[in-house]
Asks: 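Dropping the structure in here first, questions after.
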Amino acid sequence: MDGFKYFLGEVTRALRELMAAGALPQGLDLSRVGVEPPRDPSHGDLSTNAAMVLAKPAGKKPIEIATALVERLAQHPEVTEAVIAGPGFINLRIADRFWQARLGDILSAGVDYGASTMGAGEAVNVEYVSANPTGPLHLAHARGAVVGDALASLLDKVGYKVTREYYINDAGGQVDVLARSAYLRYGEALGETIDAIPEGLYPGDYLKAVGVALAARDGKKWLGKPESEWLAPIRKFAIDEMMKLIREDLAALGIHQDVFSSERALVDSGGVERAVGALQERGLIYIGVLEPPKGKTPDDWEPRPQTLFRASQFGDDVDRPLKKSDGSWTYFANDIANHYDKYRRGFATMIDIWGADHGGYIKRMTAAVTAITGGKGALDVKICQLVKLLRDGQQVKMSKRAGTFVTLAEVVEEVGRDVVRFIMLTRKNDAPLDFDLVKVQEQSRDNPVFYVQYAHARAHSVLRHAAAEYPGIGLDAESLAKASVQRLTDSGELGLIRLMAGWPRLIESAAEAHEPHRIAFYLYDLAAAFHGLWNKGKDEASLRFLMPDDTALTAARLAMVRAFAFVIAAGLDIFGVKPVEEMR
RNA sequence: GCGCCCGUAGCUCAGCGGAUAGAGCAACCGCCUUCUAAGCGGUAGGUCGCAGGUUCAAUUCCUGCCGGGCGCGCCA
């Protein structure tokens, strides 16, 4: 049970009763009524804004409504105190037994605790990474990868039917460059000498293997042939190799996407014509001339009539071109086709994870989705800011040219997949992130990965000790659920339990906001509460989890410890991080 | 020039329109030589960039400034 949701229901019920009794006008909109924990715990366990929110529509003073509401709520068997405070808040104190009973919920749900039906099985498409298939992933890609993957898990947890998608940009000029770079390495593999990689081609060593593999497959058949003959086949070969590489990088992070869609396949199958046609039918395409961008006119700017999409009707600043001067489609046109295709595959809700450098394209893309779906589809774009890589406080300079380019694989190799995943989620997606290769491996309180993992390991350590010292206590969740949890009365214990009771609420709000990072902060707070209890037990022996003379109390505390481990594990599970049971 | 993001304690950052704005680190003051496992407790530190507006209520929403980052037909 979500205790907060339960009491919101109780408050709503009381308000309906007041309406029925004529104390409040009929048909009030109760959607803005909320129940939440007060910021200051001394105000009670729960707080509702009902009286303040309803004062105006009901035409009554907040105090009047609050007084009537308090009278009803005070009768609830689990409410031990209901008082009016401040400008009209109603603060409720809830019986300890109500919170203690939540341990039973957690123990019976295990790591599924917090799962909900909020999404009602609605299909959601989360597209992330979608890097050009021209090389290995680097650290910036990792952030988008982790954020997208965690967000997908989060939405899955609250009942959406999630598809994880990678859109392969295999149709533009960059993959032609890849093909030419691979051709060069192919020649090299067959004994040709390369002095320097010509300007404009990819210099990376990772292409040497591609050249070797291509030579092994095709022998010398492309040597001395014109580009028009080898470009397409070598391009395909190189893209496939790059996607293998990228999938390996993603797998190293524990990321496995459901769908890899190809831009080229979409274009070849007429997807762009289909999408542009759909816009045309809605009268949203026209031929016109754009003004040059103010303050930054390109040198070769010339006013020219072009095919434009009426993006400005849907919140964008100007209308956007769909065709390049050579008559081919712009990337934007292709991307409209991509999103239209997703919509036609049954996704009304789409989420894209993009790098910060694409921020300028959000408006036009969301505009296009709204336009082409007639308002039935919606796109939410999450931008991932840059990751600054540090080593013990010193910035690691990255330059492709200087060969000091740090790949995702190298970072995973050095610090581990779980650390990368967790750290990437310790900041809001649109805030820059410092990633310090040394600090993330420190064993201290200011390293959140360690702190959270350690709490989980500590909980399991307690359970292991218990197994050795209290053979009479069943340590499985089912047995622990029968423990005398009413004996957990210390403020620290009840605080920890209340915090755990807030997990379902936290997870729903994080899912609603598409903000998985909130879970990281929650886990840190939860771990802090647990470590705090532990330390309290150091000073006061009566608060230790394992009480030699009191098996019943020990069982109750073990129930709490077990539940705690479940909640941490549930959170880490969404992050794709493996909870450790022992520190080494 | 325009658009988007950001501006909260010395530092790094939390904070679904709610009450006296929080955490970690650093600083200062104590405690712990012990056991359940990498220390613990406390103090201090703020005009939430500035100015308006909406609201019963604004750090939160809107507008305008200031400061920082990113982007700005024919790259993807």
Side-chain angles (χ1 to χ4, degrees), chain A residues 32 34 36 38-40 42-43 47 49 51-53 55-56 61-62 85-89 91 130-132 134 169-175 177 263 289-298 300-304 306 308 316-318 320-328 330-332 334-335 355-363 383 385-386 426-428 430-434 439 442-448 450-451 454 457-459 461-462 464-466 469 505-506 508-510 512-513 515 517-518 520-522 524-525 528 531-532 534-539 544-546 561 582-583:
Chain A
R32 290 177 58 216
E36 55 183 34
R39 204 178 306 187
D40 185 343
S42 70
H43 289 141
S47 169
N49 60 358
M52 289 179 292
V53 172
K56 198 164 204 177
K61 289 180 182 162
F89 286 103
N91 292 328
S130 296
N132 292 320
T134 55
N169 295 127
D170 54 1
Q174 297 194 14
V175 286
V177 175
E263 180 184 7
V289 180
L290 283 181
E291 297 287 311
K294 292 216 167 78
K296 199 207 168 198
T297 307
D300 56 349
W301 177 271
E302 45 182 270
R304 188 180 51 239
Q306 47 188 345
L308 299 172
D316 199 359
D317 310 303
V318 294
R320 302 293 179 178
L322 298 179
K323 276 190 179 175
K324 302 180 194 170
S325 59
D326 64 0
S328 63
T330 58
Y331 178 77
F332 179 50
N334 287 4
D335 217 16
D357 51 342
H358 290 64
Y361 289 76
I362 296 176
K363 274 191 185 181
I383 287 295
Q385 272 296 345
L386 296 180
T426 54
R427 288 284 176 272
K428 251 183 312 217
D430 52 10
L433 171 75
D434 286 354
K439 280 196 177 142
E442 260 171 25
Q443 300 197 334
S444 73
R445 182 165 187 161
D446 57 330
N447 177 6
F450 167 76
Y451 197 62
Y454 178 35
R458 199 171 233 185
S461 165
V462 173
R464 281 194 299 273
H465 276 100
E469 290 165 34
R505 181 174 181 274
L506 182 278
E508 283 200 357
S509 65
E512 209 160 31
E515 291 188 348
H517 76 276
R518 294 188 193 187
F521 288 92
Y522 172 83
Y524 185 84
D525 288 345
H531 286 306
W534 175 285
N535 291 320
K536 220 168 161 182
K538 270 195 160 171
D539 295 339
R544 295 188 172 197
F545 298 136
L546 305 181
V561 169
E582 215 170 344
M583 302 306 287

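Basis for what follows: all heavy atoms, side chains included, without hydrogens, waters or symmetry-related copies.
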Asks: Of all the nucleotides listed (B:C70, B:C6, B:G73), which has the minimum atom distance to the side chain of A:Gln306?
Replies: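 Nearest to the side chain of A:Gln306 among the choices is B:G73.
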Asks: Between atom NZ of A:Lys428 and atom CD of A:Gln385, what is the distance when rounded to the nearest 0.5 Å?
Replies: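 These two atoms lie 11.5 Å from each other.
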Asks: Closest approach to the side chain of A:Asp539, judged atom by atom: which nucleotide of B:C40, B:A19, B:C56 is it?
Replies: B:C40
Asks: Check this for me: does the side-chain of A:Asn91 come within 3.5 Å of the base of B:A19 through a donor and an acceptor?
Replies: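 Result: at least one qualifying N/O pair found.
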Asks: Could you check whether A:Tyr524 and the base of B:A23 form a stacked pair, meaning centres closer than 5.5 Å and planes differing by less than 30°?
Replies: no
Asks: Output yes if the stacking criterion (under 5.5 Å between centres, under 30° between planes) is met for A:His358 over the base of B:G71, else no.
Replies: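 According to the criterion (under 5.5 Å, under 30°), no, A:His358 does not stack.
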Asks: How about A:Tyr451 and A:Tyr524: are their ring centres within less than 6.0 Å of each other?
Replies: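 Yes; A:Tyr524 has its ring centre under 6.0 Å from that of A:Tyr451.
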Asks: Answer yes or no: side-chain N or O of A:Gln385 and base N or O of B:C5 forming a donor-acceptor pair under 3.5 Å.
Replies: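 Result: no qualifying N/O pair found.
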Asks: For the side chain of A:Asp316 and the backbone of A:Lys363, is there at least one donor-acceptor N/O pair under 3.5 Å apart?
Replies: no
Asks: Can you confirm whether more than 12 heavy atoms, excluding those of A:Lys536, are under 6.0 Å from its NZ atom?
Replies: yes
Asks: On the nucleotide B:C35, are OP1 or OP2 found under 4.0 Å from the side-chain N or O atoms that A:Lys538 carries?
Replies: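 Checking A:Lys538 against B:C35: no side-chain N or O falls below 4.0 Å of OP1 or OP2.
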Asks: Picking from B:C16, B:G73, B:A57, which would you name as closest to the side chain of A:Arg518?
Replies: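 Of the candidates, B:C16 comes closest.
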Asks: Within this structure, what is the CZ-to-C1' distance between A:Phe450 and B:C25, rounded to whole angstrom?
Replies: 16 Å
Asks: In terms of ring plane angle, is the pair A:Phe521 and A:His517 parallel, tilted or perpendicular, where the classes change at 30° and 60°?
Replies: perpendicular
Asks: Which nucleotide, B:C40, B:C35, B:A76, lies nearest any side-chain atom of A:Asn169?
Replies: B:A76
Asks: On RNA chain B, does the nearest nucleotide to A:Ser325 precede the nearest nucleotide to A:Phe545 from the 5' side, or the other way round? Give the residue.
Replies: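 With A:Ser325 and A:Phe545 compared, the 5'-side residue is A:Phe545.
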Asks: Under 3.5 Å, is there an N or O donor on one side and an acceptor on the other linking the side chain of A:Ser47 and the base of B:A19?
Replies: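 Per atom types, the contact qualifies.
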Asks: If you go through the side-chain atoms of A:Ser509, does one of them form a donor-acceptor pair with the base of B:C16 closer than 3.5 Å?
Replies: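 Counting by modelled atom types and ignoring angles, no donor-acceptor contact under 3.5 Å is found here.
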Asks: Please compare A:Asp40 and A:Ile362 by the position of their nearest nucleotide in RNA chain B and report the one closer to 5'.
Replies: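 That would be A:Ile362.
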Asks: Could you check which of B:A76, B:G18, B:U36 has an atom nearest any side-chain atom of A:Val462?
Replies: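 For the A:Val462 side chain, the nearest candidate turns out to be B:U36.
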Asks: Counting only distance, no hydrogens or angles, is the base of B:A76 paired donor-acceptor with the side chain of A:Tyr361 under 3.5 Å?
Replies: yes
Asks: For A:Glu442 and A:Phe450, run side chain to side chain contact (heavy atoms under 4.5 Å, CB included): C-alpha distance rounded to whole Å, both residues' side-chain angles, the deciding distance at 0.1 Å, then the answer.
Replies: CA-CA 7 Å; A:Glu442 260 171 25; A:Phe450 167 76; over 6 Å; no
Asks: Please determine whether a side-chain nitrogen or oxygen atom of A:Arg320 lies at a distance below 4.0 Å from atom OP1 or OP2 of B:C72.
Replies: no
Asks: Distance check, rounded to the nearest 0.5 Å: A:Asp430 atom CG versus A:Glu515 atom CD?
Replies: 7.5 Å
Asks: Where does RNA chain B form stems of at least three consecutive Watson-Crick or G-U wobble pairs, each pair having both distances below 3.5 Å?
Replies: B:1-7 with B:66-72, B:10-13 with B:22-25, B:27-31 with B:39-43, B:49-53 with B:61-65
Asks: If you check every side-chain atom of A:Arg39, which of B:G3, B:A38, B:A19 has the closest atom?
Replies: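 Nearest to the side chain of A:Arg39 among the choices is B:A19.
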Asks: Sub-3.5 Å donor-acceptor pair from the side chain of A:Asn447 to the main-chain atoms of A:Gln443, do we have one?
Replies: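 No: the side chain of A:Asn447 does not pair with the backbone of A:Gln443.
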Asks: Measure CG/A:Asn447 against P/B:G39 and give the value in whole Å, please.
Replies: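 These atoms are roughly 12 Å apart.
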Asks: Would you say B:A76 has OP1 or OP2 under 4.0 Å from some side-chain N or O of A:Lys324?
Replies: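 Result: yes.
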Asks: Extract from the structure each pairing of a protein N or O with an N or O of nucleotides 11-14 of chain B at less than 3.5 Å, listing the distance.
Replies:
{"residue": "B:U12", "atom": "O2'", "partner": "A:Arg427", "partner atom": "NH2", "Å": "2.9"}
{"residue": "B:C13", "atom": "O2'", "partner": "A:Arg427", "partner atom": "NH1", "Å": "3.4"}
{"residue": "B:A14", "atom": "OP1", "partner": "A:Lys428", "partner atom": "N", "Å": "3.4"}

Asks: Please check: side-chain N/O of A:Asn91 versus main-chain N/O of A:Ser47, any donor-acceptor pairing under 3.5 Å?
Replies: no
Asks: With rounding to the closest Å, how many angstrom separate the P atoms on B:C62 and B:G69?
Replies: 24 Å
Asks: How many whole angstroms separate atom CG of A:Asp525 from atom C1' of B:G24?
Replies: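 The answer, rounded to whole Å, is 11 Å.
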Asks: How many Å lie between CG on A:Asp430 and P on B:C70, as a whole number?
Replies: 16 Å
Asks: Given B:C6, B:G15, B:U36, which nucleotide is nearest the side-chain atoms of A:Trp534?
Replies: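 So the side chain of A:Trp534 is nearest to B:U36.
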Asks: Look at the side chain of A:Gln174 and decide which nucleotide, out of B:C4, B:A76, B:G18, has an atom nearest to it.
Replies: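 Per side-chain heavy atoms of A:Gln174, the pick is B:A76.
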